[in-house]
Every structure is written in C-alpha cells, then in structure tokens.
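Below is one structure, written out as structure tokens, with a few remarks after it.
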Amino acid sequence: MTTDKTWGKKILRDMLLIRNFEETADKLTLRGKVPGGMHNSSGQEAVAVGVMSALDPKDVIATTHRSHHHTIAKGMPVDIVMAELFTKATGCSGGRGASMHLADVENGHFGGNGIVGAGVGIAMGAAMGIKQMGHKKVAVGFVGDGGMNTGRTWEAVNMAVIYKLPFILIVDNNQYAVETFVERVTGGNDIAKRGAGFGLPSYTIDGQDVEEVHRYTKEARERALAGEGPSFINALTYRYYGHNVGEKGQYRTQEEIADWRSHRDPIDRFSAKLISEGALSQGEYEEMIASVAKEIEAAVDFAEKSPLPDVSTILDGVDSGLLGVRK
Amino acid sequence: MTTDKTWGKKILRDMLLIRNFEETADKLTLRGKVPGGMHNSSGQEAVAVGVMSALDPKDVIATTHRSHHHTIAKGMPVDIVMAELFTKATGCSGGRGASMHLADVENGHFGGNGIVGAGVGIAMGAAMGIKQMGHKKVAVGFVGDGGMNTGRTWEAVNMAVIYKLPFILIVDNNQYAVETFVERVTGGNDIAKRGAGFGLPSYTIDGQDVEEVHRYTKEARERALAGEGPSFINALTYRYYGHNVGEKGQYRTQEEIADWRSHRDPIDRFSAKLISEGALSQGEYEEMIASVAKEIEAAVDFAEKSPLPDVSTILDGVDSGLLGVRK
Amino acid sequence: MSTTTPTAQQNPTYSEAFQSGVREEMKRNEHIFILGTDLVERGGHFAQVKGIAQEFGQDRVKDSPISEAAMVAAGLGSAMYGCHPIIDLNFIDFSLGAMDEIVNQAAKIRFMFNRPVPIVIRATSGVALGGAHHCNSLESLFAHTAGLSVAVPSRAYDVKGLIKTALRTPDPVVFLMHKKLSGVRGEIGDENTLIPFGSANVVKAGKDAAIITYGYTTVTAQKAAQTLAEQGIDVEIIDLRTLYPLDTDTINETVQRFGRVVVADEAPMFGSITAEIAATASEANFKYLKGPIVRIGGARAPLSANPQMSEAAIPSVAGIVDAVKKVMSY
Amino acid sequence: MSTTTPTAQQNPTYSEAFQSGVREEMKRNEHIFILGTDLVERGGHFAQVKGIAQEFGQDRVKDSPISEAAMVAAGLGSAMYGCHPIIDLNFIDFSLGAMDEIVNQAAKIRFMFNRPVPIVIRATSGVALGGAHHCNSLESLFAHTAGLSVAVPSRAYDVKGLIKTALRTPDPVVFLMHKKLSGVRGEIGDENTLIPFGSANVVKAGKDAAIITYGYTTVTAQKAAQTLAEQGIDVEIIDLRTLYPLDTDTINETVQRFGRVVVADEAPMFGSITAEIAATASEANFKYLKGPIVRIGGARAPLSANPQMSEAAIPSVAGIVDAVKKVMSY
Ligand SMILES: Cc1ncc(C[n+]2csc(CCOP(=O)(O)OP(=O)(O)O)c2C)c(N)n1
Ligand SMILES: Cc1ncc(C[n+]2csc(CCOP(=O)(O)OP(=O)(O)O)c2C)c(N)n1
Ligand SMILES: [Mg+2]
Ligand SMILES: [Mg+2]
C-alpha cells in the first residue's frame, strides 16, 4: 500500500528527530551532562512513532525507563525533554525526574518509570479512569521484553481484560533486558502466546515497520473504543546502543548489531519506501535531516542555558497539605 | 482401567479421612474450637490424594490457606493436624500457625500460607534447591483458581520453566475465590492456556477423578525427574462448604452444590468404581468409614487434651541468634 | 487537638461508620469508586461496604481478582486521570504485594510530576486472630514514606470523619481500620463533620501523666486508666487518629504539661512509630521531661495463631499500668 | 563494639571486598549460590560478583529474569531446602516488588515452622544519582521486621567481614551496600575475619561528643569531624555496621560517656531507624544526657534526579557540624 505523502513525511521526521535526539543525548551523557545517565532508544523509533501516530493526542500513555522515543513521539517538545535530561528547572518534571521520569500528565503522558513493568499498571489504571468517566480515549502501556517476566504486568493485563478496559499493551521488544537475551529468560519464548493465554487479542509484529505498528495500534484502538477491550502487541525491535550509555557488553555480536542496522533500520526502510513511491525526494530528505539537526541543536542550547531547579524547593509538592495540619 | 485393589483402598481411605476430618473440624470451628476459623476442603479430596499418591514421601509440597486435605494426604497424622487447628502445643507448628499454617518442613511439607499464591513460589524455590543439590525429587506448588490472577504465581512459573526445575504446579481449582466465580475474574477463562503461554506442558483435568489426577501428576513427576522441567495441571474441583466456616453467601445456587455433590463426588465415584470392580465390598467400605471416624475421634480427643503453648515462648525462634550479639 | 464530643446521630458500628462516610461522599463526588475483592455481594470481609454496590451499582463498586499490585495500579492510574478510587486491600498484610505501587508510585507522583493522586488505600490492620500473615502492623512503614498519610481511627466517629476528609483531599491516604474494633458501636458525625488529619483526640483528660497512642491500644489504655484511677493516678489519653500528619502541637503540649509520658502501640516496638514520637518529642521538649518518655509496644516476633500467644505479644492493661507507674515514679 | 584496625591484605574496592568474601564462602560451602539479573557476564551492576560465574560456573551464579518476587521466593524455598542463596536485587528499591516474600515469608518461617531460612538479600541502597525510584532508604522497614537482620557496611573491611558472617548463619539477612561507596578502596580481613552482627565500629575516637551513624553518612560525619576539630571540638564517630541487631552496649556506653549525642542517617527522618536509636537510648540512659539526643536525617520527600536537589535532601557536612554544636551547647 502506498503511503500518504504528508503523513509519511511527518512520520519520517518524527523518527529522525528521535534518532538525532538520542545520538546527541548519548554524547552529552558521556560528557557528563545527564545526571544518572540515560537509556538510548536508537533503533526503536518505529515502535514509538507507529503507535503514537495511531493515537489521538488526548490518549494516555505510561512507559518505562527507556522512554525518550515515546515521549518525543507523543509530542513533547525536544527542548523540554532535553532540559529534563539535564535536570534543569525547565524540564518537563522540573529536573526532578531526568531521563527515566519524563512526564506530562496534563497532556496524557503518565510518565516514564524507574521500575520495570510499572507503566503497564498505571496505563491500565488510566484506562479504568477513562471508562469510569465515559470518555472516548484509550490508554497505552509500554513495557520491554524484560518486563514480560514481572508479575505486575500480568496482573494488569488480566484486569484490563476482565473489565474490558480501553487499554493497549505495547511490548517494545528490543530482545535484551540489560545484557540478558529474551530467549534465555522467557519461558515458552512466545510473548504473544502469553497474551493470548490471558484472553486478549495478541500479536507479534514487525516493530521496524512503522506502518505495521501504526496499523495494529489503530485496529487495537478501534476495538477499545468499540468497547471490545484491550489488545496486546509484541513489537520486535532492536536497540543499537548498550542498555545504558557507556555500556559495552559482550553479550551480543557486532555482526548482529550491524545486521539490524543495515537491513532493518526503521528510518532507512521508511525513507526508502517514501522515496521509491515518489512521496519524498532525496533533496527533501536531506532538508528534513538538516532541519531536525537544527531543532536538536536548539534543544541542547535551551537545556544548557536553562536554570537549575531551586534547591529550596525540595519539600514542595510532596502532598497538598489539605488533609490537615502540616508542621 | 481397573484399579489395583490395595492401592485403591488406601486412596479411598485417605479421601474418607480427609472428608471426615473436614466435616468434624467444621463443626468444632462453629463451636469455637479453632481460633481464626478454617477453610473447609470437602469436595476437593481427589486433588489432594491424587497428587500425593503420585509423589514420593520425600517430595516437597507448599500450599495455600486451604490445605488440610493436602496435609493429610501428604501423610501428617490427623491428631497433629487437629491439634494445630486447636492451636495446641502438640500441633505441627506448635500452635503458632493454626489452620492456614500447617507445615512439616523436615518431611517435605513446606507449609500452608496466608498469602494467595505464596506457596507456588516457595515450592518453585524448593525445586531450585532440589536441582542445586542434584537430588531426585520434585516440588509441588498448590494454588487456587483465585491465585491465577496473582503476579507472583506467573513469575514463579516462568522461573521454573527457564531453569527446567523439577516443579509441578497444581491448580486446586474449586471455581470460586471466596465469593468470586472464576469466570468473572479470569481473563481468557482458560487457565491451562495461560500455562501454555509460559511454555510448560499444561492440562485441564477432572479433579474429581482421583485416578486422573494421579496419572497426570505421575507423568509430570516423571518428566521432572527426567530433566524435562515443570508441568502445569489445572484440576477442576468443587468445594461443598463456604469459603470459610460459617460463610453462607448467595453467590451460587443450592442446585449447583447439590449437583456436584450428587453427581461428581470424588469419594462416591471412586468407591462405586472399587465396589463395581469387586475390589471392595460394601461391608469393607462401611468398616473403612467406621475406622476413619474412630481415627478422627481420637484426633479430636488428642487435640482437646493437648496443652496450650507456653506464652513465655513468644520470642523463641525468631532467629538463631548466631549472627551476633543479641540483647 | 480536638475534644469535640460526637453529636448523637445514630449508633452504628465502626464498619457501618465507614459505609456512612463513603456513601455520603460517593453521592457528592461521582468519581469515587471502590475496587477490591468480594465487595459486591459480601460487602467486604468486615461488611465495610455492605449495600453500597446495591445502591450505587457495579460501576462504582467493583469486585477485583486477587491482584493487589494491579488493584493499587488501577487506583493510581485512575486517580491520576481524575477519579478518586478507594482500593480495598482487605487485610493490610496483602499490601506487601503492592508495595511498589504504593511506595514508589502513588506516594511519589505528585512530587515528581506535579499531579495529584487522590487515592484511598483501605485495609484492616492490627493484631487479632489469624496469625502471622493476617496481623502485620505496617503503619510505621507507610508513615515513614514521604507522600503518604496514614489514618488509624479507633472509634466510629473518627472512621467517618476521617474517611470523609480523605475523600475530599487529592492525596494518597492509607486508611487502617482495626479488626478488633469492627463491631464496636458509637456515635458518628453528620454529613458535614470532617476530621482533619493531624488532629489528635483527647479520649480522656487527666492530670498526672499522659498516654499517647492510637488504634486498638486506645481501648487498652482506657482500661489501664480505670485501674490507675483506682490507685489514685489520673492519666490523660491522647488518640493520635492519624500517624502522618502527626498532631505535633498536641504531642508537644502534652509532653510539656505532664513531663511524664507513655507512648504505646501494638506494632513490634523496634522501629515502630512510637520511636518517632518519643524521639522527636524528647528532642523538642527535653527540659519539660521529668524523666524519659517510656515506650510500650509489641514483641519483636511474628504473631501466632494461638490467641494466648498473640495476646501476650502486645501491650496488656497491666503492661500499660506499669509503664504509667514508671513515669509516675520520676 | 570493636576497634580493630583492619589488617592489611590488599586494597580492594568496597565491591571487590564483597566478591572476596563471597568467593571464600562459596569455596567453603557448596550450597551457596547467587541469583540476580545480569550477574554472569556483567558481574552485576556494581561489579559486585564480577568473575564469580567464571570461577564457579552458572549453576552457582544464575542470571534471573526480572522477577523480584520469584527471585526471593526461589531463595526462600531453596534456603528451606538446605541451600544458602544470595539473592541479588540490584537496587533495594526493587525489593518493593518482593515484599511479601521478604516480610511475610522469609522473615517468619523460622518462627512459624522452626526451619532456618539462610538467605542473603543483597542490594545497593542509599541516596546517589538516579532519582526517586533508585534512591529509597528502606533499611528502617527491614529492621522493623522481626526475623530480619540488616547490614549496612560503610567500608571494604566491613563488607567482607559481614557478608562472611551472613553466609555462615542460618537466618535471613538484608545486606545493603551504599552505591556511593562501591569504588572506595580499603583494606580487608583474611579468610577468618568474620564481623559479628551487632558490633559497632568506632571509626574515630573523640572526647567531646558522639555521632552515631551508618553507611555513607559515616563518610559525611568524618568530614564534619575535621571541620569540628578545626574549631576545637573532638567528636567520636560510631558506625553501627548493622541496624539489627543493634549494638546497644556500645550505644548505651557512648550515650553514658558523652551525654551529648547526634544520631544521623540519610533516610527520611520521620520514622527512620535513628528514631529507634534515639528513643531507646534516651529511655535507657536518661540521667546521663546533658541535653536531648539530636537527630539529623533526610528530607520527607522523594529524591530528585537533579544532583543538587538530591544532595540538599540529605545531611550535609555543615548540617552535621551544626548538630554537634547543638549538643555541645548543653
Ligand atoms: C523492578 C525492576 N527490576 C530491575 C530493574 C533494573 N533494570 C532497569 S532496566 C532493566 C532491563 C529492562 O529490560 P526491558 O524490559 O527489556 O527494557 P529495555 O531496557 O530493553 O528497554 C532492568 C533489569 C528495574 N528498573 N526495575
Ligand atoms: C495476597 C492475598 N490476597 C487476598 C487474600 C484473601 N483471601 C484469602 S483466600 C482468598 C480466596 C482464594 O481463592 P482461591 O485461590 O481460589 O483458593 P480457594 O479459597 O478457593 O481454595 C482470598 C481472596 C489473601 N489471603 N492473600
Ligand atoms: Mg528489552
Ligand atoms: Mg478457589
């Protein structure tokens, strides 16, 4: 199927923006600019953009420790994301969160998370809230392959099924949890089959094909809005860098990485498709790359120049104080 | 297949012993003899006896809040069980545990549990211990249908699969968790399918047929001993009484209970089979019933006459004191 | 501190007082719902929500699978979305299966993301029958966690007044109801009686010494006060009602007034909230102390199912009497 | 109390000291095994088991799925069976997903079933980078739980000596290693150097006042001592090394000797273990006190990822100096 030209360009640009963000932030992390480090999602752009492009901006997501790509795809300006990585006052969490705790609850981003699997439950809960209020929205929970072995994930999945919640679970399955290959720790080695066992439509899809991701998400969203309950999508993808910035493990071969990069890169694949379909010219593509680079440069500049949070605020916002006397 | 006569009588007697124990203990509970109350397993005898008869006495089990049947089938003398229900010093846990915390770790009974699903993890751990030590044994974890929605259950199942542990999970599926019908809260409504999703041989079997339970357990045990890893057995059964003694909920019909009692009772079915096969005479059966009654009477007597634990021991055994200075 | 006498309204049980408060608030706020096991038909293990499903429908009272982590997560996510869920965990012991959701998530989200998390986590607590897995006293753990407030009512009036406050406040509250008090009757306030958190209640005025306590130990302390009265000692009893926020004004004022203070509860004493109270009150009011603040609490041991052993592990009337005599001896 | 100076052996890091102790004990006891995430190749997040899988094989060092509840359950069941597992939870924050297994099960089984549960639950702890989900100080919660012991070593020597003791004792131990100390080098003991739990270490003798502390705050306290020395105040520093059992002899003796005592840690102060120490020590040694025991601790707030905010939330050198000056003012 040919891709809509305008849509395709937007999708491609989003993926490029994420890729540039990640590669830039990685270097900045190595230079000590990102307190606590970060988890680079390069290679996984199609999952984030494919999902988010099928959602309404008001839909809710909750995600993981590796969430820059989801956050940017969800629409958070890259300068705000970068500022948060720098733990600056202008970051989305005022510098309290850094890389793992990006959020914008008001706009449906219910947060990255330091705890594997926790975002699944939060998104399921948001879906319960959506249903309680009778709204026409969905909530999407992202989780890694590693999070498939965490009990809380399956409790949340089950609850979504029995209450028919407008919930979509996306496994951003990059095949490794830190240095642990998914097949070594995943009984049965068929993640979608686990989902099926809990009674929801479950698919394993090509997470490097942004249109496939988009399509499955869109269908899941339609089922959810029609009151048919949750869906489970296991998107196969790959991360090009180490688990965290600076990690150089021996747990996978350089050939494996090179193979994914050169044959299945989601940006290369999609740009090639757009170009071959005449939806994009080489010149336009180069312009796009340049414009993305400029946007990221500006973001870095913004982050650099932003003020640090005021340390006198460390007790602010722990609670509302409305419950009673606070001393 | 015809049943071995000696074996059949032993099996039948075990089931009768459990039934009489439960009905007796139920009445004693209503008379205030069992602090904290108890969970009656009447109706579920075939699961306990079918499983245990396929195990070696040295195999390990860990179980749930509803565990009299497992405990008696595992071989604990009924007087010790009854004394524990009475929280007497002579009980298996010295009166510290009562109905929910029956155990005899030395003899492979790793305990009932007050926490839904916890026994699964403990048995999985025991299986890991067995494997570490190179022993030829298995560990069996019992769990209810309600425990199928607890995350810890699936974490343990997964771990058993990936390490190929000699572990068998038995769902003592009586179809209700307190007053909640299994179908209302179990996404997908196919428990064995969940097991299959985690990659272990998974079966739904007739838990009212003691020979079927025995056969599936035996095969699972053989696989485990052959190094083939764990198995998952969902045994359909039914409890005749309320969740806890005294409970009279409206969540199921009297007809449903009567139907299970009159058409699928595991004792009636198995005794009828033995009688029809000529392995047991009516007279022998009546004698058996009488001898069981006498045994239980003696157990009650033992429990009644046993001393209470010494309250001055409440600090004993919390830890070994060997770590260092204790004050 | 408050010394309001409950205004007569009816004489419901402690559990019914919870129902009453929840009902009123559910009428006021359509976004309140309740999630927990066996709530619809059974009304919960302690009848705490009996009849509410019938009145408000199963959209607002939901029977849950046995999935404590998911229950709290459901509450958390829906609270972030704008609901005000009551997550009924039945026994607080079961919260151990949802600790990440409570401590890492619900408690921290306002601080991290500037988003209110109006969630009530209700459970029974305290030492009663049931043994080691049904008698944990986890209140000090929750009180220690920044972002959580902890209610520990000891009578019907406070149950109702505190749950109403909790349900009008955009913060996570751990609401602990003592099992042994479930059936105790008492007066309750009306629709507008809200008890602020952090306001202790003077259960009994006295002039010689004070006992600061909460939950079921309030009852034990009252019995001890009778025995002490017979011996000519007039003891004041402060029921904290909430452990966070603590009513430090009342605590300080009490310590300053008497200089002879016992702090009592039934949690294992090592590391219990009584340590926080004694340490902070000693530090702030040292010069008023006639002698050290004396603590009395539970044994450092799991609870036994045997009732005599279980009883022996928590403060008795005699134990509290002795503690008060000790502070009287200064 | 012990004042043993470490005997020179080598100069490994705090993490390597752990390796050293574990290696020696694994040779001694074939039933010790280690279970946790990313241990085999990576050697754990803090290199705490680097090379051990290569030496002892993957039967004894196992890479786990991300299943904290099952990890502890595996440890628990196998410990009941006769093994002595080390469950490596990486960050103690992740123990919140295994609380039932730790608090309801591992801690209680000896008491309930008269069966030893020799299990070590190891994790890094303390405030460092990483923010709200990687900086929880949960030690007071574990110390409050009957049946658990808690080690909080502050230097290589203690890491090795304490892990060796833990691995020879049939009880559950929560072994907390401070992230900020991982790379700090120091001498360690030899194969036979075991440090009993409940024996504090006098890090620095002094004559004017005492600071009782543990973990990373021991380092901050030492810096404060330098500043104080410049101002003519000679402070003694006690490193508790374990929080349960507590070395109450040393604590009492210290309080009695100085009458001027600061208790410090970096956990949120409300309800921290410092409250237990201050309350119990005040009660036991009241007449020796020249003024109240002063506590200093962490803010009641989640930790921020921003390093300045995170720093500001825990005791600073200046804060400890002020606290000591306060007790010196009595
Ligand atoms: C409950 C919990 N356990 C362990 C960790 C440590 N940890 C952080 S990320 C990670 C790997 C996660 O793998 P996966 O879910 O596949 O996500 P990915 O990193 O591949 O995106 C681990 C083990 C954690 N954050 N939370
Ligand atoms: C973690 C946890 N949650 C809730 C409970 C309360 N509870 C005790 S038994 C029970 C029902 C269990 O149902 P099932 O697993 O089917 O076992 P059955 O009672 O039918 O044998 C519940 C909810 C508990 N003990 N532990
Ligand atoms: Mg992964
Ligand atoms: Mg059941």
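Residue numbers start from 1 in every chain, and the chains themselves are labelled A, B, ... in the order their sequence lines are given, proteins ahead of strands.
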List the steps and the verdict of side chain to side chain donor-acceptor pair (under 3.5 Å) for C:D171 and C:T169.
CA-CA 6 Å; C:D171 289 320; C:T169 311; over 6 Å; no
Ranked by heavy-atom pairs below 4.5 Å to chain A, first place among C:G75, C:G97, C:S78 goes to C:S78
Top residue by heavy-atom pair count (under 4.5 Å) with chain C, among A:L315, A:I115, A:D104, A:L165?
A:I115
Is the backbone N or O of A:D310 less than 3.5 Å from a side-chain atom of A:S312, with the two atoms forming a donor-acceptor pair by type?
no
Contacting region of C:N104 [heavy-atom separation from chain A under 4.5 Å]:
side chain
Centre of C:F18's six-membered ring, under 6.0 Å away, within 45 degrees of the axis: is that where NZ or CZ of C:R122 sits?
yes
Can you say whether C:V117 sits under 4.5 Å from chain A via the side chain, the backbone, both, or neither, judging by heavy atoms?
neither
Quick one: what part of C:E30 sits under 4.5 Å from any heavy atom of chain A, side chain, backbone, both or neither?
neither
Please assess C:H84 against C:I119 for the test side chain to side chain contact (heavy atoms under 4.5 Å, CB included), listing each intermediate value before the final yes or no.
CA-CA 6 Å; C:H84 202 143; C:I119 180 177; 5.8 Å; no
Counting only heavy atoms from other residues, nucleotides and ligands, does the tally under 6.0 Å from CD of A:E228 exceed 12?
yes
Establish, yes or no, whether a centroid distance under 6.0 Å links the rings of A:H243 and A:H65.
yes
Does this structure show an ion pair linking C:E24 with C:K160, if we count only N-O contacts that are shorter than 4.0 Å?
yes
Do you know which of A:G111, A:G121, A:A62 has the most heavy-atom pairs with chain C at a distance under 4.5 angstrom?
A:G121
Could you tell me whether A:R96 sits above the aromatic face of C:F111, with NZ or CZ closer than 6.0 angstrom to the six-membered ring centre and within 45 degrees of the axis?
yes
What is the distance from atom SG of A:C92 to atom CG of A:L85, rounded to the nearest 0.5 Å?
9.0 Å
Residue by residue, which of residues 122-159 of chain A have a heavy atom closer than 4.5 Å to a heavy atom belonging to chain C?
A:I122, A:M124, A:G125, A:A126, A:M128, A:G129, A:I130, A:Q132, A:M133, A:H135, A:K137, A:R152, A:E155, A:A156, A:N158, A:M159
What part of A:D316 gets closer than 4.5 Å to chain C, counting heavy atoms only: side chain, backbone, both or neither?
backbone
By the definition salt bridge (Lys or Arg N to Asp or Glu O under 4.0 Å), identify the one residue from C:R28, C:R23, C:K27 that meets it with C:E25.
C:R28
Atom group of C:S64 that falls short of 4.5 Å from chain A, counting heavy atoms:
both
Side chain / backbone / both / neither for C:L35 at chain A, heavy atoms under 4.5 Å
side chain
Check each atom of A:V120 against the heavy atoms of chain C and say whether the ones under 4.5 Å are side chain, backbone, both or neither.
neither
Does a salt bridge link C:R110 with A:D319, judged by any charged N lying under 4.0 Å from a carboxylate O?
no
Can you tell which of A:V60, A:N113, A:I162 has the highest number of heavy-atom pairs within less than 4.5 Å of chain C?
A:N113
In terms of heavy-atom pairs under 4.5 Å with chain C, which of A:G97, A:A103, A:G94 leads?
A:A103
